[in-house]
J.: 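First the structure, then my questions, so here it is.
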Protein chains: 2
Amino acid sequence: MRYSKIPSETIRRLPGYLRALIFLDEKSREYVSSKVFSEYVHVKSPQIRKDFSYFGAFGTKGVGYKVTTLIEQIRGILKLKEVQKAALIGAGKLGTAISLYDGFKTYGFEIAAIFDISNDKIGTRIGEIVVEDPWKIATLCERNIRVAILAVPAESAQETADKLVGAGINGILNLSPCYLAVPKRVKVITIDIAMELGVLPYYS
Amino acid sequence: MRYSKIPSETIRRLPGYLRALIFLDEKSREYVSSKVFSEYVHVKSPQIRKDFSYFGAFGTKGVGYKVTTLIEQIRGILKLKEVQKAALIGAGKLGTAISLYDGFKTYGFEIAAIFDISNDKIGTRIGEIVVEDPWKIATLCERNIRVAILAVPAESAQETADKLVGAGINGILNLSPCYLAVPKRVKVITIDIAMELGVLPYYS
DNA sequence: ATGTGCTTGAGTTCACATTCACAAGCAAAG
DNA sequence: CTTTGCTTGTGAATGTGAACTCAAGCACAT
């Protein structure tokens, strides 16, 4: 299957599709049509069919798509089939909130390590994970952790990102309000809650 | 000035521009060229010039754009000139982390009210704000609060959103992992951290 | 077995966004 | 005053994604 020709905008929508599909699956819904599905994900139905058609046609005319098949397909494309271990850097208020959020397993993620610079926190436990000293970030690669969530103050974000890159990480979810300079092989996604808020008044 | 013809993709980039410009301003940088600016925001220089040209030409050839003028312009377009009051619903771990985050004022936002359903929290103080009972959400309109940040469990997100809509809110930043059904006049932005994480493995 | 109603899948059209290339123009130096 | 170097602003071309439309086809009822 040639996934390489899937448009990037379609990829961007897939996690949203996945979430809705898992929701439908939990409700024991077996089939869903593009029309009904569009209600759940706020994407128009022709768009949904086009997206699904990129990775092969397996819908049933007159009926719709089988929910479990769709989930399998999307998990496969996003490489979420086996559990991905993720590291959390920064155990402040935000980091703690994130580590306790149970939505990660929906996407096959598991927070497998937490780091914090504060001596008060090192050695203590958040959930079931023991907080470690940041110099141990270098061991992430051998622990098979390739994704990191960065919840540190903006001042130390770049510095920490450099360490992560050095440790062989290839994906960073950056929650600091700043851009990170990283090599091209590393994918960075930045979420700045305040910044997202910035477009709201425009649409009023 | 005809702002109405500014492409939506440009609008989406403006908050990012604004953040970088404020950073430059704090560094006392007076002028910035599109080439230099592109390093800061990770957008190519012709794109930046095109974006700026949508809201009028005021760069100086051979020199660049005046940082403070740019900040004024963008604040004007995004309607961030006067301080916008925002309400925070949900004072759990995530809500608390958000209320203590000081990045909001960069965009002219101020958390002016906090609501939580828990009796333990009502009446206590987070930062300088006293946590209120959710039935007081109805008073938001008369308090001149038009934007809300929703940090409640997914189960009660829709119900709370309905209350907010009833209170005359016209923008919601939704941090729950679910879609919200709201009237068209209300703009919703959903951020699901786990979902954003979902695209990372694909790019590995 | 046949017809009916609904849904898929794809080809096409249209709209939008990005990139490119270059003329026009300011500033500073000689 | 003229020249040199750099940067803007924009029209044209290219690329990309969204919306539309409709023939093909499955399932179920009759």
Side-chain angles (χ1 to χ4, degrees), chain A residues 1-17 20-21 24 29-71 73-74 77 199 202-203, chain B residues 1-17 20-21 24 29-74 77 184 199 202-203:
Chain A
M1 194 90 58
R2 313 244 359 92
Y3 288 158
S4 56
K5 57 182 188 316
I6 300 179
S8 63
E9 288 301 309
T10 297
I11 296 293
R12 211 192 302 283
R13 281 188 289 270
L14 291 185
Y17 290 171
L21 287 164
L24 288 168
R29 176 142 193 167
E30 204 170 349
Y31 287 88
V32 67
S33 73
S34 59
K35 194 175 173 189
V36 170
F37 196 52
S38 84
E39 303 283 323
Y40 285 84
V41 295
H42 292 189
V43 174
K44 299 219 165 65
S45 60
Q47 184 71 67
I48 290 168
R49 292 201 298 278
K50 187 119 242 180
D51 285 342
F52 288 172
S53 77
Y54 284 122
F55 43 98
F58 44 82
T60 309
K61 292 165 206 267
V63 177
Y65 300 87
K66 190 164 184 193
V67 172
T68 52
T69 309
L70 232 27
I71 291 174
Q73 287 284 332
I74 294 178
I77 292 164
V199 297
Y202 178 80
Y203 294 100
Chain B
M1 194 89 58
R2 314 239 6 89
Y3 289 158
S4 57
K5 57 179 188 317
I6 299 179
S8 63
E9 289 301 310
T10 297
I11 296 293
R12 212 191 304 282
R13 281 188 289 269
L14 290 186
Y17 290 171
L21 287 165
L24 288 168
R29 176 143 192 166
E30 203 170 348
Y31 286 89
V32 66
S33 74
S34 60
K35 194 176 173 188
V36 170
F37 196 53
S38 83
E39 303 282 323
Y40 284 84
V41 295
H42 292 189
V43 174
K44 299 215 168 67
S45 60
Q47 182 72 72
I48 291 167
R49 290 200 299 276
K50 185 126 250 182
D51 284 342
F52 288 172
S53 77
Y54 285 121
F55 42 98
F58 43 81
T60 309
K61 294 169 206 263
V63 177
Y65 301 86
K66 190 165 185 190
V67 172
T68 52
T69 309
L70 233 25
I71 291 174
E72 281 304 294
Q73 287 284 331
I74 294 178
I77 292 165
K184 266 212 300 289
V199 297
Y202 178 80
Y203 294 101

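Owing to the predicted nature of the structure, the values given are computational and were not obtained by experimental measurement. Each chain gets a letter, A, B and so on, in the order its sequence line appears, and its residues count up from 1.
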J.: May I have the distance from A:I6 (atom CD1) to D:dA18 (atom P), rounded to whole angstrom?
T.: 14 Å
J.: Choosing from D:dT8, C:dA17, D:dA24, which nucleotide comes nearest the side chain of A:K61?
T.: D:dA24
J.: Check whether any side-chain heavy atom of A:F37 lies under 4.5 Å from a side-chain heavy atom of A:S45, and answer yes or no.
T.: no
J.: Within the 4.0 Å heavy-atom criterion, would you say A:T10 contacts the bases, only the backbone, or no part of the nucleic acid?
T.: nothing
J.: A:K44 NZ to C:dC14 C1': how many Å, rounded?
T.: 15 Å
J.: Look at the side chain of B:Y65 and decide which nucleotide, out of C:dG9, D:dG9, D:dA18, has an atom nearest to it.
T.: D:dG9
J.: For A:V63, is there any backbone N or O sitting under 3.5 Å from a side-chain donor or acceptor partner on A:T60?
T.: no
J.: Tell me: CZ of A:R49 to P of D:dC22, nearest whole Å?
T.: 13 Å
J.: In whole angstrom, give the distance that lies between atom CD1 of B:I48 and atom P of C:dT18.
T.: 12 Å
J.: Which residue, B:S53 or B:V36, contacts DNA chain D at a nucleotide closer to its 5' end, judged by nearest heavy atom?
T.: B:V36
J.: Regarding B:F58, tell me which of base, sugar-phosphate or nothing describes its non-hydrogen contacts under 4.0 Å with the strands shown.
T.: sugar-phosphate
J.: Can you tell me the distance, in whole Å, between the CG atom of A:D51 and the P atom of C:dG9?
T.: 12 Å
J.: How long is the line joining CZ of B:R12 and P of C:dA17, in whole Å?
T.: 9 Å
J.: Counting side-chain heavy atoms from C-beta on, which of C:dA27, D:dC26, D:dA19 comes nearest to B:T60?
T.: C:dA27
J.: Please report, rounded to the nearest Å, how far the C1' atom of D:dG17 is from the CZ atom of A:R13.
T.: 8 Å
J.: Could you grab the distance from atom CD of B:E9 to atom CD1 of B:I11, nearest 0.5 Å is fine?
T.: 10.5 Å
J.: A:P46 has a side chain; which of D:dA18, C:dC26, D:dC20 sits nearest to it?
T.: D:dC20
J.: Any idea which heavy atoms bring B:G59 and B:Y65 closest together, and the distance?
T.: CA-CD2, 3.5 Å
J.: Of the candidate nucleotides C:dT19, C:dT8, D:dT7, which contains the atom at the shortest distance from the side chain of A:S34?
T.: C:dT8
J.: State, with a plain yes or no, whether a side-chain heavy atom of B:Q73 is found less than 4.5 Å away from one of B:F58.
T.: yes
J.: Whole-Å distance between C:dT7 P and A:E39 CD?
T.: 12 Å
J.: Taking only side-chain nitrogens and oxygens of B:Q47, does any of them come within less than 4.0 Å of OP1 or OP2 of C:dT19?
T.: yes
J.: What's B:S45 touching, base or sugar-phosphate or nothing? Going by heavy atoms closer than 4.0 Å.
T.: nothing
J.: Confirm from the modelled atom types if A:K50 and C:dG11 form a donor-acceptor pair under 3.5 Å, side chain to base only.
T.: yes
